Student: 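Let me begin by handing over the structure; questions about it come next.
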Amino acid sequence: QVQLVESGGDSVQPGGSLRLSCVASGRTDSRYSMAWFRRTPGKEREFVATIGWSGAVKNYADSVKGRFTISRDNAKNTAYLQMNALKPEDTAVYYCAADSGPYRDYRLYKYWGQGTQVTVSS
């Protein structure tokens with residue numbers, strides 16, 4: 001079992017930046033890929049970014065490419081999502097996920113965090 005805890009969500013103005021963190025605990029000896037998804041009311045969970053165990057493989061949704069950066073520090077069992085140039089349409093609950101991956105389909109992830117709210121509004 002792997003437990004994931006996200007943090008860093010906040011309210012920011014358009015154009016602002018935030019960094020989300022996801023700390024893993026439990027069976028962190030397995031080489032899990034990590035991912036970020038987001039969800040807004042009435043919509044399915046949307047893929048944002050994923051990163052492989054070594055950090056060499058990264059994939060992004062087109063909607064965030066060039067603005068968001070995913071990274072990880074395996075020594076700290078932590079994944080990050082640096083979000084720059086935030087837009088109102090980025091407003092959502094952001095979830096961290098882990099599995100063998102890296103996958104873009106949320107249905108393939110076994111482990112999930114509880115989510116952290118990001119609100120972009122003037």
Side-chain angles (χ1 to χ4, degrees):
Q1 288 288 338
V2 175
Q3 293 78 44
L4 304 173
V5 178
E6 303 99 332
S7 62
D10 205 342
S11 295
V12 296
Q13 292 187 341
S17 297
L18 283 175
R19 188 176 82 155
L20 305 183
S21 298
C22 173
V23 180
S25 61
R27 286 290 304 272
T28 56
D29 55 321
S30 296
R31 296 193 171 193
Y32 292 113
S33 292
M34 305 288 288
W36 290 94
F37 290 82
R38 64 189 182 187
R39 183 164 64 185
T40 53
K43 293 187 177 181
E44 279 197 346
R45 209 161 289 198
E46 175 191 15
F47 169 74
V48 176
T50 185
I51 185 169
W53 167 256
S54 70
V57 177
K58 299 179 184 181
N59 288 302
Y60 296 93
D62 288 344
S63 59
V64 306
K65 202 171 293 184
R67 300 188 297 123
F68 292 9
T69 302
I70 190 170
S71 62
R72 66 189 298 163
D73 184 340
N74 290 337
K76 297 181 178 180
N77 295 322
T78 302
Y80 304 97
L81 185 68
Q82 177 67 43
M83 304 186 295
N84 298 327
L86 282 161
K87 304 175 181 179
E89 50 264 43
D90 294 318
T91 296
V93 177
Y94 283 71
Y95 297 89
C96 176
D99 212 300
S100 56
Y103 309 120
R104 299 171 70 100
D105 187 341
Y106 72 90
R107 294 167 293 184
L108 298 177
Y109 284 88
K110 181 176 182 179
Y111 301 109
W112 290 89
Q114 82 290 349
T116 185
Q117 176 71 47
V118 172
T119 302
V120 185
S121 174
S122 55

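From a predicted model like this one, the values you see are computed outputs, not experimental measurements. Counting begins at 1 with the first residue of the sequence. No hydrogens, no waters, no symmetry mates; every other heavy atom, side chains included, goes into these values.
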Student: Taking all heavy atoms of Asp90 and all of Arg38, pick out the closest pair and write down the distance.
Tutor: OD1-NH1, 2.9 Å
Student: For Asp73 and Thr78, indicate whether the former's side chain and the latter's backbone hold a donor-acceptor pair under 3.5 Å.
Tutor: no
Student: Say whether Leu81 and Leu86 are linked into one hydrophobic cluster, either directly or through other cluster members, by side-chain heavy-atom distances under 4.5 angstrom.
Tutor: yes
Student: Just to verify, which of Tyr103, Tyr109, Trp36 counts as forming a side-chain hydrogen bond (donor to acceptor under 3.5 Å, both in side chains) with Thr50?
Tutor: Tyr109
Student: Compare every heavy atom of Val12 with every heavy atom of Ser17, then report the nearest pair and how far apart it is.
Tutor: O-CG1, 4.1 Å
Student: Give a yes or no on whether Val48 and Leu20 share a hydrophobic cluster (residues Ile, Leu, Val, Met, Phe, Trp, Tyr; joining criterion: side-chain heavy atoms under 4.5 Å apart).
Tutor: yes
Student: Looking at CD of Gln117 and CD of Glu6, how far apart are the two atoms once the value is rounded to the nearest 0.5 Å?
Tutor: 12.0 Å
Student: For the OG1 atom of Thr69 and the OH atom of Tyr80, what is their distance to the nearest 0.5 Å?
Tutor: 14.0 Å
Student: Tell me the closest heavy-atom pair linking Met34 and Cys22, and the distance in Å.
Tutor: CE-SG, 3.8 Å
Student: Same hydrophobic cluster for Tyr94 and Phe47, using side-chain heavy-atom links shorter than 4.5 Å among ILVMFWY?
Tutor: no
Student: Val57, Trp53: one ILVMFWY side-chain cluster at the under-4.5 Å cut-off?
Tutor: no
Student: Hey, what do you get for CZ (Phe37) to CH2 (Trp112), rounding to the nearest 0.5 Å?
Tutor: 4.5 Å
Student: Counting distance only, does the side-chain N/O of Thr91 pair as donor-acceptor with the main-chain N or O of Val120 below 3.5 Å?
Tutor: yes
Student: Taking all atoms of both residues into account, what is the closest heavy-atom pair of Ser33 and Gly101, and its distance?
Tutor: OG-C, 3.4 Å
Student: When rounded to the nearest 0.5 angstrom, what distance separates NZ in Lys65 from NZ in Lys58?
Tutor: 13.5 Å
Student: Identify the two heavy atoms, one from Ala24 and one from Val2, that lie closest to each other, and give their separation to 0.1 Å.
Tutor: CB-CG1, 4.2 Å
Student: What heavy-atom pair brings Ala35 and Ile70 nearest, and what distance separates the two atoms?
Tutor: CA-CD1, 4.5 Å
Student: Could you tell me if the side chain of Glu89 sits less than 4.5 Å from the side chain of Thr40, heavy atoms only?
Tutor: no
Student: Distance from Ser21 atom OG to Arg72 atom CZ, nearest 0.5 Å?
Tutor: 13.5 Å
Student: CZ/Arg19 to CE/Met83 distance, rounded to the nearest 0.5 angstrom?
Tutor: 11.5 Å
Student: Is there a side-chain contact between Pro88 and Pro14, using heavy atoms and a 4.5 Å cut-off?
Tutor: yes
Student: Looking at the rings of Tyr32 and Tyr111, which for Trp means the six-membered one, are their centres under 6.0 Å apart?
Tutor: yes
Student: Do Tyr95 and Arg45 have side-chain heavy atoms sitting under 4.5 Å apart?
Tutor: yes
